[in-house]
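What you are looking at is a predicted structure, and each value in this text was computed from that prediction instead of being measured.
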Amino acid sequence: MNAVTVLQIMRAYFADQQPAPDLTRFADLSPQDLLKESMDYVSFVVYLEEELGCDFPLQQLGEATLNQTFAGLAEEVARITPQA
């Protein structure tokens with residue numbers, strides 16, 4: 001799976017929220033901008049796991065979530081997602 005596809009899946013998660021946040025520059029946002037609570041983070045990771053059909057190490061994604069934009073996080077998720 002490529003990072004562009006992962007980024008689209010991530011964006012869809014937030015687009016479905018009410019009220020939907022401004023996603024105009026989604027790729028440039030920090031995940032911390034939209035994932036305010038620990039349960040938000042867990043829900044987001046569970047959503048990604050369900051959409052991508054694999055489990056992710058929370059600690060590894062947690063570090064990427066803190067230190068990267070959504071574009072960077074999508075690259076990391078694409079890198080660790082098993083290829084079908």
Side-chain angles (χ1 to χ4, degrees):
M1 174 151 317
N2 66 48
V4 172
T5 302
V6 173
L7 189 61
Q8 290 171 340
I9 291 169
M10 290 177 174
R11 191 177 194 284
Y13 174 82
F14 294 102
D16 290 341
Q17 292 184 350
Q18 294 300 321
D22 180 8
L23 301 177
T24 306
R25 299 189 58 186
F26 179 73
D28 297 329
L29 291 174
S30 166
Q32 293 179 353
D33 293 336
L34 300 178
L35 301 170
K36 301 290 186 188
E37 304 291 328
S38 60
M39 285 307 296
D40 296 338
Y41 171 72
V42 171
S43 295
F44 178 67
V45 171
V46 168
Y47 170 83
L48 289 178
E49 290 177 338
E50 289 173 355
E51 291 295 313
L52 300 174
C54 60
D55 293 331
F56 295 109
L58 290 176
Q59 185 174 9
Q60 185 176 3
L61 278 188
E63 291 176 19
T65 301
L66 293 174
N67 300 317
Q68 299 186 32
T69 63
F70 275 106
L73 181 59
E75 289 282 342
E76 179 68 14
V77 169
R79 186 184 68 74
I80 64 175
T81 300
Q83 301 301 313

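The minimum heavy-atom distance linking Gln68 with Leu73 is given by the pair OE1-N, 3.3 Å. Considering all non-hydrogen atoms of both residues, Ala20 and Ala15 come closest at CB-O, 3.8 Å. Leu7 approaches Ala27 most closely through the heavy-atom pair CD2-CB, 3.7 Å. Nearest approach of Ala78 to Ala3, heavy atoms of both residues: CB-N, 3.7 Å.
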Show me the donor-acceptor pairs within less than 3.5 Å that the side chains of residues 42-49 make with the rest of the protein, sequence neighbours left out.
residue, atom, partner, partner atom, Å
Ser43, OG, Met39, O, 3.0
Tyr47, OH, Ile9, O, 3.3
Glu49, OE2, Phe56, N, 2.9

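Side chains of Phe70 and Asp33 form no contact here, defined as non-hydrogen atoms less than 4.5 Å apart. Between Leu29 and Thr69, the closest side-chain pair of non-hydrogen atoms is not below 4.5 Å.
The CZ atom of Arg11 lies 4.5 Å from the CG atom of Leu23; values are rounded to the nearest 0.5 Å. Separation of atoms CG (Asn67) and CD (Glu76) is listed at 10.5 Å; rounding is to 0.5 Å.
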Handout entry: Phe26 and Tyr13: CA distance, side-chain angles, deciding distance, ring-ring contact (aromatic ring centres under 6.0 Å, His included) verdict
Key = CA-CA 12 Å; Phe26 179 73; Tyr13 174 82; 9.7 Å; no

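Residues satisfying the salt bridge (Lys or Arg N to Asp or Glu O under 4.0 Å) test with Asp28, not counting sequence neighbours, are Arg25.
In the hydrophobic cluster analysis, where Ile, Leu, Val, Met, Phe, Trp and Tyr join through side-chain heavy atoms closer than 4.5 angstrom, Met10 is grouped together with Ile80.
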